[in-house]
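Given the structure is predicted, the values throughout are model-derived calculations rather than measurements. Below, all heavy atoms of this structure are taken into account, side chains as well, without hydrogens, waters or symmetry copies.
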Amino acid sequence: MRLLLPALLIAAGLPGLAHDFWIRPSRHHVASGEVVKVHLKVGEHMRGEPVRRNPARMEAFVAVGPSGVQPLPGLDGSDPAGLLKTAEPGTYVVAYRGRPSTLELPAAKFEAYLREEGLDAVITQRRAAGASGQPGREHFSRYAKALVQVGEAQDTGTGRNLGLRLELVPEADPRRPEHARNLPVRLIFEGAPLPGAKLLAQLEGEPAVQVAARSDAEGRAVLRLDRPGRWMVKAVHMVPLKGEPDADWESLWASLSFEVEAPTP
């Protein structure tokens, strides 16, 4: 994956790390006892290629449900990358934490990538250091979550904070349309709210349907998701690195995927 991802980015002609990474369960709402296939995806606008299971690239791949934490089993090199075995009714939060990878981009592509992801502070820092014309060298890590509802129980944990280094935490049940229309989502970095970050929500199957907002001083943004379907919310944070011979920056990519239910007639 470390070798494949840069090649995909270059082939697609994208300005930078515009490829998103998210978890796509086979279904977001299942009956108790069903097995959910958990796919990992890399792409853009929720259209992408499968990421096959590679233990060398994973730090953690688990689900947190009513009974606690359970690892997701799977076959190496397979898609789906894991299987969620449901038992008790309730909300399961699937989480993936990847190992860091290294990437270098030409200056123009790196600057375009920073603009696209709303990383204005990094653009300003590079300009102040006279580095705007230099290549962008970074370590990047992925932190993805997805919500799966088992049975008909009400919200039993959509707002769980799993302690990921960068994490998107919904503060209302995003599956319910009355909540999704004004959905508060909090961005947490190393245990503290992260202000000033760009959050972007994307509807699967509708590339033009995107909702963007900036996190406030409490790390919170309100996203107005006005239609049913599978959604993915993403955010990127970047910090300077010191003492690393092959990178000047560290970027962290967070995503949260879920399905907004259709309104009840």
Side-chain angles (χ1 to χ4, degrees), residues 1-23 40-44 48-62 76-77 81 95-145 162-168 187-192 194-200 232 234-255:
M1 190 60 194
R2 182 173 182 173
L3 298 175
L4 176 60
L5 182 56
L8 286 172
L9 295 171
I10 294 170
L14 300 173
L17 277 181
H19 269 82
D20 302 320
F21 181 93
W22 69 100
I23 297 171
L40 302 176
K41 306 284 282 186
V42 61
E44 192 179 37
E49 300 297 323
V51 177
R52 298 182 180 276
R53 186 183 183 95
N54 183 355
R57 303 304 315 144
M58 297 189 305
E59 286 190 349
F61 192 26
V62 301
D76 294 354
Y96 175 94
R97 184 174 71 238
R99 300 186 187 278
S101 297
T102 302
L103 183 68
E104 180 173 329
L105 292 171
K109 285 191 174 183
F110 190 66
E111 292 282 317
Y113 148 46
L114 296 176
R115 288 193 297 273
E116 182 175 344
E117 300 302 335
L119 298 169
D120 302 337
V122 179
I123 295 174
T124 300
Q125 290 177 58
R126 278 171 52 90
R127 185 183 302 120
S132 298
Q134 296 180 8
R137 307 184 310 155
E138 66 173 305
H139 293 168
F140 67 92
S141 302
R142 308 286 194 178
Y143 302 89
K145 292 167 54 180
L162 304 186
L164 302 177
R165 193 163 170 227
L166 185 68
E167 183 170 356
L168 288 159
L187 183 61
I188 306 295
F189 173 58
E190 295 184 340
L194 182 65
K198 177 183 176 181
L199 277 64
L200 181 71
M232 184 264 292
K234 68 168 187 173
V236 184
H237 184 49
M238 186 176 288
V239 294
L241 275 178
K242 302 294 184 183
E244 292 290 339
D246 59 350
D248 304 306
W249 299 92
E250 181 182 20
S251 64
L252 302 93
W253 292 64
S255 67

Problem set entry | Closest non-hydrogen atom pair, Pro100 against Glu59 | CD-OE2, 4.2 Å
Exercise. Once you round to the nearest 0.5 Å, how far does OG of Ser251 lie from CG of Leu241?
Worked result: 9.5 Å
For this session: Give, for atom CG of Leu119 and atom CD of Gln125, the distance between the pair rounded to the nearest 0.5 Å.
Result: 10.0 Å
For this session: Check whether any side-chain heavy atom of Phe140 lies under 4.5 Å from a side-chain heavy atom of Phe21, and answer yes or no.
Result: no
Problem set entry | Heavy-atom check, side chain of Leu194 versus side chain of Leu166, under 4.5 Å | yes
Seminar exercise, completed: Residues at least two apart in sequence or cross-chain that pass salt bridge (Lys or Arg N to Asp or Glu O under 4.0 Å) with Arg126, listed by chain then number, are Glu111
For this session: With rounding to the nearest 0.5 Å, note down the distance linking OG1 in Thr102 to CD in Glu250.
Result: 10.0 Å
Problem set entry | Counterpart residues, salt bridge (Lys or Arg N to Asp or Glu O under 4.0 Å), relative to Glu244 (two or more places apart) | none
Exercise. Given the rule in the side-chain contact (heavy atoms from CB on, under 4.5 Å) test, do Arg57 and Val51 qualify, once you have shown the distances and angles that lead to the verdict?
Worked result: CA-CA 11 Å; Arg57 303 304 315 144; Val51 177; over 6 Å; no
Seminar exercise, completed: Taken in chain and number order and not counting sequence neighbours, the residues that satisfy ring-ring contact (aromatic ring centres under 6.0 Å, His included) with His237 are Phe189
For this session: Could you check whether the rings of Phe61 and Tyr96 sit parallel, tilted or perpendicular, using 30° and 60° as the cut-offs?
Result: perpendicular
Exercise. What are the two closest non-hydrogen atoms of Gly98 and Ser141, and how far apart are they?
Worked result: O-CB, 4.3 Å
Problem set entry | Side-chain heavy-atom pair Gln134, Asp248 within 4.5 angstrom cut-off | no
Problem set entry | Nearest heavy-atom neighbours spanning Leu187 and Ala197 | CD2-CB, 3.5 Å
Problem set entry | Arg142 and Ser101 side chains, donor-acceptor separation under 3.5 Å | no
Problem set entry | Under 3.5 Å: donor-acceptor pair, side chain of Arg52, backbone of Asp76 | no
Exercise. Would you say the side-chain atoms of Glu117 pair up with the backbone N or O of Tyr113, donor to acceptor, closer than 3.5 Å?
Worked result: no
Exercise. Taking side chain as C-beta onward, heavy atoms only, is His139 less than 4.5 Å from Asp246?
Worked result: yes
Exercise. With distance as the sole test, does Lys145 use its side chain to make a donor-acceptor pair with the main-chain N or O of Leu168 at under 3.5 Å?
Worked result: yes
Exercise. For the residue pair Leu105 and Lys109, what are the closest heavy atoms and their distance?
Worked result: CB-CB, 4.5 Å
Exercise. Say you draw a straight line from CD1 of Ile188 to CG of Leu162; how long is it, rounded to the nearest 0.5 Å?
Worked result: 11.5 Å
Problem set entry | pair Arg165-Arg97: side-chain heavy atoms closer than 4.5 Å | no
Exercise. Are any of the side-chain heavy atoms of Asp20 and Trp253 separated by less than 4.5 Å?
Worked result: yes
For this session: Please confirm whether the backbone N or O of Glu116 pairs with a side-chain atom of Lys198, one donor and one acceptor, at under 3.5 Å?
Result: yes
Exercise. Of all heavy-atom pairs between Ala107 and Ser132, which one has the smallest distance, and what is that distance?
Worked result: CB-O, 3.7 Å
Exercise. Can any side-chain N or O of Arg99 pair as donor or acceptor with the backbone N or O of Ala56 at less than 3.5 Å?
Worked result: yes
